[in-house]
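A, B, ... follow the sequence lines: proteins, then strands. Residue 1 opens every chain. Since this is a predicted model, take the numbers as computed values, not measurements.
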Number of protein chains: 4
Amino acid sequence: MARGINKVILIGNLGGDPETRYLPNGNAVTNLTLATSDSWRDKQTGQMQERTEWHRVTFFGKIAEIAGQYLRKGSKIYIEGRLQTREWEKDGVKRYTTEVIVDIGGTMQMLDSRGDNDGASRAPVSRPQSQPQQQPQSQPQQQQRPAPSVQHDAQPAPDYDSFDDDIPF
Amino acid sequence: MARGINKVILIGNLGGDPETRYLPNGNAVTNLTLATSDSWRDKQTGQMQERTEWHRVTFFGKIAEIAGQYLRKGSKIYIEGRLQTREWEKDGVKRYTTEVIVDIGGTMQMLDSRGDNDGASRAPVSRPQSQPQQQPQSQPQQQQRPAPSVQHDAQPAPDYDSFDDDIPF
Amino acid sequence: MARGINKVILIGNLGGDPETRYLPNGNAVTNLTLATSDSWRDKQTGQMQERTEWHRVTFFGKIAEIAGQYLRKGSKIYIEGRLQTREWEKDGVKRYTTEVIVDIGGTMQMLDSRGDNDGASRAPVSRPQSQPQQQPQSQPQQQQRPAPSVQHDAQPAPDYDSFDDDIPF
Amino acid sequence: MARGINKVILIGNLGGDPETRYLPNGNAVTNLTLATSDSWRDKQTGQMQERTEWHRVTFFGKIAEIAGQYLRKGSKIYIEGRLQTREWEKDGVKRYTTEVIVDIGGTMQMLDSRGDNDGASRAPVSRPQSQPQQQPQSQPQQQQRPAPSVQHDAQPAPDYDSFDDDIPF
DNA sequence: TTTT
DNA sequence: TTTT
């Protein structure tokens with residue numbers, strides 16, 4: 001249940017490869033930065049101006065695994081998520097970081113045509129404990145075809161804090 | 001022109017009265033904080049949980065004047081804006097603040113029924129320079145009825161019918 | 001999985017009481033019409049113009065039950081759904097009706113303050129078969145407090161056609 | 001001014017080339033159909049199901065010209081518009097057609113990578129009256145580079161920094 | 001700091 | 001009628 005609406009819709013390109021980690025409970029968390037840019041003609045100088053906005057995006061759960069596996073630096077994606085501001089401390093000073101959370105209830109969709117970004121998905125990051133650590137990197141990829149879209153749902157707040165012993169991004 | 005989409009949609013309540021200031025060029029800027037909250041039943045304990053998210057919202061231009069004049073602490077509003085992160089420095093340390101910008105291209109709409117929040121709009125903050133500072137507070141308000149909605153862009157209804165002598169599609 | 005995005009966001013008022021029916025499988029379907037209106041000043045005449053748009057909204061599943069129970073004529077709601085066009089036939093002529101579908105993956109939120117619309121939820125429409133038809137109207141309502149918001153999720157296409165032996169709306 | 005919100009967001013592919021016409025007042029109108037599709041696994045049969053939804057989209061004004069010139073059958077686009085239902089009559093029978101209107105206040109953005117769809121924009125449809133009819137089709141195209149994005153509203157970056165001599169919030 |  |  002929600003009192004209010006908190007919705008973010010972005011289309012942009014990844015500033016770098018996504019980074020996937022796993023929570024103690026086995027759930028995946030994927031971080032990436034997304035660029036959206038505006039350009040306009042300056043009224044005074046007549047020059048074209050451009051401003052790029054960088055967004056910190058965090059995926060949770062199944063969608064985090066897919067994001068980590070199929071997205072690469074430069075990938076263009078559509079996401080639908082919600083704003084969340086975390087408080088953290090450094091040198092005794094409180095700081096705040098605002099992220100776009102994409103979990104159950106959010107959406108991600110790849111917008112690159114036919115397997116761009118060299119067409120290859122990456123080997124999934126092995127989960128701690130639940131998978132043997134000598135897992136071969138060269139294992140055959142079971143997913144040959146791109147999985148460009150994920151829509152999942154719901155509410156349960158992901159157990160994020162317990163994971164966040166270091167500062168993401 | 002935009003490369004990418006950067007859109008935020010919020011429905012929430014103001015945490016305090018909005019604050020309006022004026023730029024040197026006479027344009028208004030209004031700041032406020034907006035609360036959106038989620039509640040859900042914890043799977044483990046069965047207890048209801050609630051989390052409130054606070055959003056910093058900045059209005060520019062005409063919509064900033066309206067926000068400053070008609071909104072109050074507790075007002076429920078719908079806004080549509082874009083994410084923007086500012087960098088600032090304190091004690092030689094860089095910090096970042098993410099805000100939701102509502103300007104031309106954005107939208108604000110009051111959702112309180114019929115002039116709630118004691119029904120009174122507030123006297124507009126006088127602009128520096130451009131208005132005499134002895135402006136009487138008791139001047140008759142020209143806006144008696146709530147102006148619950150502002151949409152910086154669109155409205156003019158296209159003259160579609162006059163064109164439609166045959167059925168498109 | 002989706003190829004593409006199909007999203008509708010509306011805030012408006014109900015044109016009449018919602019109508020709830022039950023599918024053979026027991027799932028609820030609630031229909032209502034929602035008005036959104038625009039007004040603008042005509043450039044030529046200087047007169048204010050207004051245009052009201054009426055939207056046909058169909059809820060499925062749990063959210064349909066809540067909509068049927070808590071919404072009334074005049075209720076102001078926020079909905080998030082998707083566009084869907086149905087084909088039907090009358091007198092041998094094909095016709096099309098476009099609706100906004102709100103099911104798993106969509107959202108509804110009541111925007112009336114504190115139990116407006118006389119504050120009373122209505123007795124739920126009895127389900128065919130699954131509940132005795134002499135169900136008393138005066139049964140104690142188990143939901144005393146308004147449930148103004150529902151957010152649910154997912155994909156499975158509702159079995160709509162099998163129900164649609166007459167034309168809704 | 002709007003009482004209510006009426007917003008549609010679509011990402012899909014054009015089912016055919018767009019068709020542009022000009023109103024008597026010289027304004028462009030462009031029609032196209034856009035496909036969005038969903039697929040899911042049927043719970044009962046385990047088979048993959050797919051449903052394609054076709055949307056009628058109408059652009060007005062400057063954005064209509066750009067849509068007519070740069071889009072082609074198969075183009076993938078993002079649009080933001082509003083729902084509008086028109087009434088029309090055929091053989092004495094009233095019918096209704098629901099369209100997504102994209103005009104001032106709406107947005108269109110091409111999502112194909114770098115000038116796909118054979119990379120060529122089409123010669124603009126000549127306007128009636130306002131342009132000489134012997135206008136050569138073979139005139140050199142002034143737009144060589146794709147214009148993938150149009151946003152009818154927003155851009156001018158507010159002069160925020162010059163104001164920000166103290167830290168808001 | 002809001003709201004129900 | 002699109003796309004993967």
Side-chain angles (χ1 to χ4, degrees), chain A residues 1-6 70 78 85 109-116 119 143-150, chain B residues 10-19 31-39 48 50-57 71-79 110-113 116-117 169, chain C residues 1-6 70 78 85 109-116 119 143-150, chain D residues 10-19 31-39 48 50-57 71-79 110-113 116-117 169:
Chain A
M1 186 166 88
R3 298 213 144 268
I5 296 293
N6 176 355
Y70 291 100
Y78 168 95
T85 299
Q109 202 159 124
M110 288 186 65
L111 297 176
D112 298 303
S113 15
R114 310 134 253 187
D116 270 11
Q143 304 91 332
Q144 295 295 50
R145 328 224 50 240
S149 158
V150 169
Chain B
L10 301 176
I11 294 179
N13 298 282
L14 273 69
D17 287 347
E19 294 178 13
N31 291 315
L32 56 83
T33 55
L34 199 64
T36 59
S37 55
D38 277 274
S39 60
M48 284 305 290
E50 179 154 353
R51 179 189 168 105
T52 295
E53 195 67 36
W54 286 99
H55 309 273
R56 299 181 170 195
V57 182
L71 303 183
R72 306 292 297 260
K73 177 175 175 173
S75 294
K76 172 176 269 182
I77 59 173
Y78 168 96
I79 64 163
M110 287 186 66
L111 298 175
D112 297 304
S113 15
D116 270 13
N117 298 314
F169 296 104
Chain C
M1 186 166 86
R3 299 214 143 269
I5 294 294
N6 176 356
Y70 290 101
Y78 168 95
T85 299
Q109 202 159 126
M110 288 187 64
L111 298 176
D112 297 303
S113 16
R114 308 135 254 185
D116 271 12
Q143 305 91 331
Q144 295 294 50
R145 326 221 54 238
S149 160
V150 170
Chain D
L10 301 176
I11 294 179
N13 298 282
L14 272 69
D17 287 345
E19 293 178 13
N31 291 315
L32 55 83
T33 55
L34 199 63
T36 59
S37 54
D38 277 274
S39 60
M48 284 305 290
E50 178 153 355
R51 180 191 168 103
T52 294
E53 196 65 37
W54 287 98
H55 309 274
R56 300 182 169 193
V57 183
L71 303 183
R72 306 290 299 256
K73 178 176 176 174
S75 295
K76 172 176 268 181
I77 59 173
Y78 168 95
I79 64 164
M110 288 187 63
L111 297 176
D112 298 304
S113 14
D116 270 11
N117 298 313
F169 294 104

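Stacking here means ring centres nearer than 5.5 Å and ring planes tilted less than 30 degrees, and by that measure B/W54 stacks onto E/dT1.
Remark: the D/T52 side chain and the F/dT2 base include a donor-acceptor N/O pair separated by less than 3.5 Å.
When the P atom of E/dT4 is taken as reference, atom CD of B/E50 falls 12 Å away, rounded to whole Å. Between the OH atom of A/Y70 and the C1' atom of F/dT4 there is a distance of 13 Å, rounded to whole Å. D/R51 places its CZ atom 21 Å from the P atom of F/dT4, with the value rounded to the nearest Å. Counting to the nearest Å, the P atom of F/dT2 and the CD1 atom of D/I77 are 15 Å from each other. What separates CG of B/D112 from C1' of E/dT2 is a distance of 11 Å, to the nearest Å. Here F/dT2 presents its P atom at 16 Å from CD of D/E53, a figure rounded to the nearest Å. E/dT3 atom P lies 16 Å from atom CG of C/L111, rounded to whole Å. Between the P atom of F/dT4 and the CD atom of A/Q109 lies a distance of 13 Å, rounded to the nearest Å.
The CD atom of B/E53 lies 6.5 Å from the CG atom of A/N6; values are rounded to the nearest 0.5 Å. Note that the CG atom of D/L32 and the NE2 atom of D/H55 stand 11.5 Å from one another [nearest 0.5 Å].
For D/Y78 against D/I11, the heavy-atom pair with the smallest separation is CD1-CG1, 3.7 Å. Shortest non-hydrogen contact noted between C/Q109 and A/R3 is OE1-C, 3.6 Å.
Among the nucleotides E/dT2, E/dT1, F/dT3, the one closest to the side chain of D/S37 is F/dT3. For B/N13, the listed nucleotide lying nearest its side chain is E/dT3; candidates were E/dT3, E/dT1, F/dT1. If you check F/dT3, F/dT1, E/dT3 against the side chain of A/R3, the one that comes closest is E/dT3.
The side-chain contact (heavy atoms from CB on, under 4.5 Å) test with D/I77 is passed by exactly one of D/L111, D/L14, D/N13: D/L14.
Note on B/T36: nothing from the nucleic acid sits closer than 4.0 angstrom, heavy atoms only.
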